Amino acid sequence: MSSFAETGPRRPVTESIRVDKVSPGARATGAVRAVVVVLVALIMLIPIFVMLITAFKTRIDVTASPPKVFFQPTLEGIVLLFTNRAIAAPGRQEELRQLAREGKLNIFEQIALDSGQEITGASPYVGRIINSLLIAGISTALSVFLGVLAGYAFSRFSLPGKDDLLFFILSTRMLPAIVVTIPLFLMFRQVGLYDSHLGMILLYTVFNLSFAVWLMKGFFDEIPREYEEAALVDGYSRLETFRKIVLPQSLSGIAATTVFCLIFAWNEYAFALMMTSEKARTAPPSIPSMIGRGGVEWAAIAAGSLGFLIPVIIIVFALRKYLLRGVTFGAIRQ
Amino acid sequence: MATIELKQVEKRFGEAYAVKPLDLTIPDGEFIVLLGPSGCGKTTTLRMISGLETVTAGQILLNDKNVTWLHPSARDIAFVFQFYALYPHLSVRNNIAFPLQAQGEKKDVIDERIKQVVELLRIEHLLGSRPGSLSGGDKQRVALARALVRRPQAFLMDEPLGALDADLRETMRAEIRQLQLRLNATTVYVTHDQIEAMAMGDRIVVMSAAVVQQAGTPTEVYYNPANLFVAKFIGSPGMNLVQGAFADGAVRLPGDNQYLMPDGWKNSIARNENLIVGFRPESAHVNAEGALRGNVYASDMHGSYNMLHVNMQGDHVVHLRAERGTHYPIGANIRFDIDPEMVRFFNPQNEMALRKN
Ligand SMILES: Nc1ncnc2c1ncn2[C@@H]1O[C@H](COP(=O)(O)OP(=O)(O)O)[C@@H](O)[C@H]1O
Ligand SMILES: [Mg+2]
């Protein structure tokens with residue numbers, strides 16, 4: 001019998017064993033990896049899913065054990081979240097029922113009525129969502145704007161004490177928020193920034209700025225200087241060059257920085273809990289404190305969390321391409 | 001078009017010299033090549049002329065006007081970068097229009113000028129593309145178009161062909177030279193490739209270690225190198241350089257070789273006991289009666305000629321050019337002569353060429 005070494009394989013070999021080509025083995029690994037990724041994603045999504053169904057459960061279904069996956073959905077939680085209600089007197093209830101029969105009540109008023117209540121106005125949560133939008137939006141815009149300018153300067157110019165400055169900027173992020181809240185709280189109270197929009201915007205702007213500067217510096221570092229030099233000899237000033245050449249090329253970096261800053265400012269909990277009470281309170285610290293008269297309103301909390309997630313989901317989804325670039329710090333070249 | 005004049009221009013980065021004080025006058029319409037190994041200060045010189053780099057000392061004059069401290073955008077000089085630096089977010093058309101827009105030209109003027117320049121460079125079909133989708137040669141043409149379109153005072157080119165394949169490099173070399181002649185454009189061209197420099201330059205400025213070694217026409221730097229560096233750097237292979245000692249009207253070379261000193265040199269050489277003899281491979285001829293001896297160490301086929309590596313003993317290998325079709329087996333003892341017109345001598349101490357007198 002002849003050995004393999006003499007005759008070679010029975011069929012001609014048409015696959016490569018070069019490591020720099022994708023081998024069949026590597027392709028199989030790819031499939032396995034995809035399955036694993038999907039599984040992990042599903043597991044990660046379980047809490048979100050629970051939150052989603054909880055938001056549409058009645059008070060009774062919420063606490064049912066074992067938890068119900070199939071149930072009659074209701075908007076009760078949403079109503080609880082967004083409205084203030086009062087118990088309607090029996091006579092008033094009769095009046096409302098009449099209106100409902102004539103089709104003059106909207107769906108929310110009807111739901112309130114089902115539990116014998118009347119809507120008296122919007123809940124504080126509405127104002128807090130607006131606060132969140134204002135504070136997160138303005139502080140993000142500010143830190144990105146300042147981060148772009150400072151990042152460009154750090155990337156391109158030789159500034160005195162540049163490395164020290166950069167380190168200092170980074171060091172502002174080194175202490176956890178919990179550690180700095182108490183002194184900040186005292187200072188804020190002294191200067192009258194406690195529970196003010198301005199105070200929160202300043203706080204988030206400063207907190208995000210270090211990150212924005214470093215991230216933008218990284219993106220600018222990646223843009224070859226030659227483009228700017230070409231524009232300079234083509235007859236443009238520094239500022240025009242920045243606007244016409246650098247900015248358009250750093251859009252993806254700006255988008256990534258924006259998302260990161262926005263997510264931080266939107267989600268921030270510890271500072272908001274300490275530095276605000278009524279006027280400037282944002283949504284995150286108000287969600288868990290949503291305790292109704294009859295106990296913890298889980299449906300309302302779930303609905304609040306869900307609504308709170310939606311803007312983040314939309315933005316991350318819209319900018320996912322840039323976000324990936326931001327995470328990998330430009331390891332992926334265009 | 002313009003004359004460019006550098007007066008004692010120097011650049012230091014910290015303590016280190018990138019360019020030592022340099023004097024250079026570039027007349028109107030000249031194609032001048034800055035040639036030298038990597039790190040010798042060519043790019044820095046070019047950038048100082050463009051204003052992208054400030055000078056440490058000295059003056060730069062453009063058409064007799066002092067522009068030393070003028071912003072790059074105010075100098076009206078075009079720069080072609082090694083990696084083209086085409087704006088990736090703009091179409092080819094907008095790339096070419098970009099310098100004209102800076103000058104505030106009207107749209108119809110811009111369109112007209114773009115039309116002319118793309119016809120000149122034959123890149124009409126590329127106008128709608130993005131730079132990223134172009135081949136190297138096309139990118140280079142677009143970069144040239146962007147430089148040409150504004151009709152600047154002068155062109156500065158920093159190794160513009162360095163990133164191209166050998167074939168394309170030769171084509172583009174001819175194209176650039178042809179354009180330059182047609183426009184009579186004052187051009188400063190940087191390269192580390194001596195073949196490119198020889199092929200293109202009206203004049204070559206050879207630099208090394210931040211210092212100009214020699215400035216002259218290609219013929220001058222090739223046949224009359226000012227010093228050992230230029231002799232070695234120009235030509236491939238460079239000039240053969242052999243240690244010798246002068247005595248009794250002849251130069252003693254390694255391996256008991258004697259080379260009779262040609263006429264005209266004796267006066268300048270008598271003073272130098274030791275010297276270095278230089279000759280180009282094509283200035284030596286294999287000859288059965290030749291005065292010099294050596295044995296063949298290796299022989300390379302170059303198509304139209306063979307290059308012999310001949311060992312003269314004492315570890316001295318020289319290169320000789322032998323006719324196509326001749327064959328010298330390795331190890332064969334041969335004799336050769338050096339054309340007395342073409343031999344050069346150098347002072348081994350200061351490495352400078354000796355002059356005939
Ligand atoms: N911005 C800079 N900072 C410090 N050193 C520099 C800078 N630019 C160039 N050099 C140094 O100056 C010398 C000349 O550089 P360059 O002009 O780029 O050489 P070439 O173009 O001939 O290769 C090199 O030693 C280089 O390291
Ligand atoms: Mg260079």
Side-chain angles (χ1 to χ4, degrees), chain A residues 144 148 151-153 155-164 216 218-258 319 321-322 324-326 328-334, chain B residues 13-14 43 46-54 67 70-91 94-105 130-133 142-143 145-160 163:
Chain A
V144 172
V148 165
Y152 184 69
S155 169
R156 289 297 194 263
F157 304 119
S158 59
L159 311 165
K162 176 163 147 179
D163 293 341
D164 298 331
M216 284 316 301
F219 283 111
F220 289 130
D221 283 346
E222 254 185 76
I223 303 175
R225 283 159 187 251
E226 282 192 356
Y227 296 128
E228 287 151 73
E229 296 185 333
L232 288 180
V233 289
D234 275 351
Y236 289 90
S237 70
R238 264 258 163 228
L239 197 63
E240 284 170 327
T241 300
F242 179 70
R243 201 161 52 81
K244 296 191 178 198
I245 301 301
V246 182
L247 271 191
Q249 289 189 63
S250 57
L251 280 184
S252 65
I254 293 175
T257 309
T258 307
L319 300 178
K321 187 170 89 198
Y322 306 121
L324 188 66
R325 252 177 71 70
T328 55
F329 257 100
I332 302 167
R333 299 247 164 209
Q334 285 158 323
Chain B
F13 292 109
T43 298
L46 208 60
R47 288 169 57 87
M48 287 193 290
I49 299 175
S50 71
L52 291 173
E53 198 78 75
T54 52
V67 298
L70 219 54
H71 192 262
S73 61
R75 296 192 187 194
D76 196 18
I77 292 180
F79 203 117
V80 180
F81 294 83
Q82 175 168 7
F83 296 103
Y84 328 118
L86 298 175
Y87 311 120
H89 59 295
L90 300 179
S91 68
N94 286 335
N95 261 282
I96 301 175
F98 200 69
L100 294 177
Q101 287 160 352
Q103 299 169 357
E105 295 285 3
R130 283 293 170 114
S133 65
V142 175
R146 187 175 66 185
L148 290 174
V149 74
R150 41 187 278 228
R151 301 174 188 164
Q153 298 281 332
F155 294 98
L156 309 178
M157 305 189 185
D158 190 1
E159 313 212 14

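Fair warning: this is a prediction, and the values are worked out from it, not measured in the lab. To find a chain, count down the sequence lines: A is the first, B the second, and so on, and within it residues start at 1.
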> When rounded to the nearest 0.5 angstrom, what distance separates CG in B:N94 from NE2 in B:H89?
Replying inline: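 One finds 9.0 Å between CG of B:N94 and NE2 of B:H89.
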
> What distance do A:I245 atom CD1 and A:R225 atom CZ have between them, rounded to the nearest 0.5 Å?
Replying inline: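 Output value for this atom pair is 16.0 Å.
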
>> For B:R146 and B:Y87: C-alpha separation, side-chain torsions, deciding distance, then whether side-chain contact (heavy atoms from CB on, under 4.5 Å) applies.
In response: CA-CA 11 Å; B:R146 187 175 66 185; B:Y87 311 120; 3.3 Å; yes

>> Angle between ring planes, A:Y152 versus A:F157, binned at 30° and 60°: parallel, tilted or perpendicular?
In response: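 The rings of A:Y152 and A:F157 stand perpendicular, inter-plane angle above 60°.
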
Are the side chains of [X] and [Y] in touch, meaning some heavy atoms are under 4.5 Å apart?
| X | Y | value |
| --- | --- | --- |
| B:Q101 | A:K244 | no |
| B:N95 | B:P131 | yes |
| B:F155 | B:L148 | yes |

>> Tell me if a side-chain donor or acceptor on A:S250 pairs with a main-chain N or O of A:V246 at a distance below 3.5 Å.
In response: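 Yes; judged by distance alone, with no hydrogens or angles, the pair exists.
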
>> Strictly less than 4.5 Å between heavy atoms, which residues of residues 72-83 of chain B line up against chain A? Please order them by number.
In response: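 Within residues 72-83 of chain B, near chain A: B:P72, B:S73, B:I77, B:F79, B:F81, B:F83.
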
>> How close do A:F220 and A:V148 get, counting heavy atoms only, and between which atoms?
In response: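 Closest pair (atom of A:F220, atom of A:V148, distance): CE1-O, 3.3 Å.
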
> What are the two closest non-hydrogen atoms of B:Y84 and B:A143, and how far apart are they?
Replying inline: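 Taking every non-hydrogen atom into account, O-CB, 4.1 Å.
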
>> At a 4.5 Å cut-off on heavy atoms, which part of B:L100 comes close to chain A: side chain, backbone, both, or neither?
In response: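 Contact with chain A: none, neither part.
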
>> What residues of residues 232-239 of chain A make heavy-atom contacts with chain B at a cutoff under 4.5 angstrom?
In response: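 Under the 4.5 Å heavy-atom cut-off, A:L232, A:V233, A:D234, A:G235, A:Y236, A:S237 qualify.
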
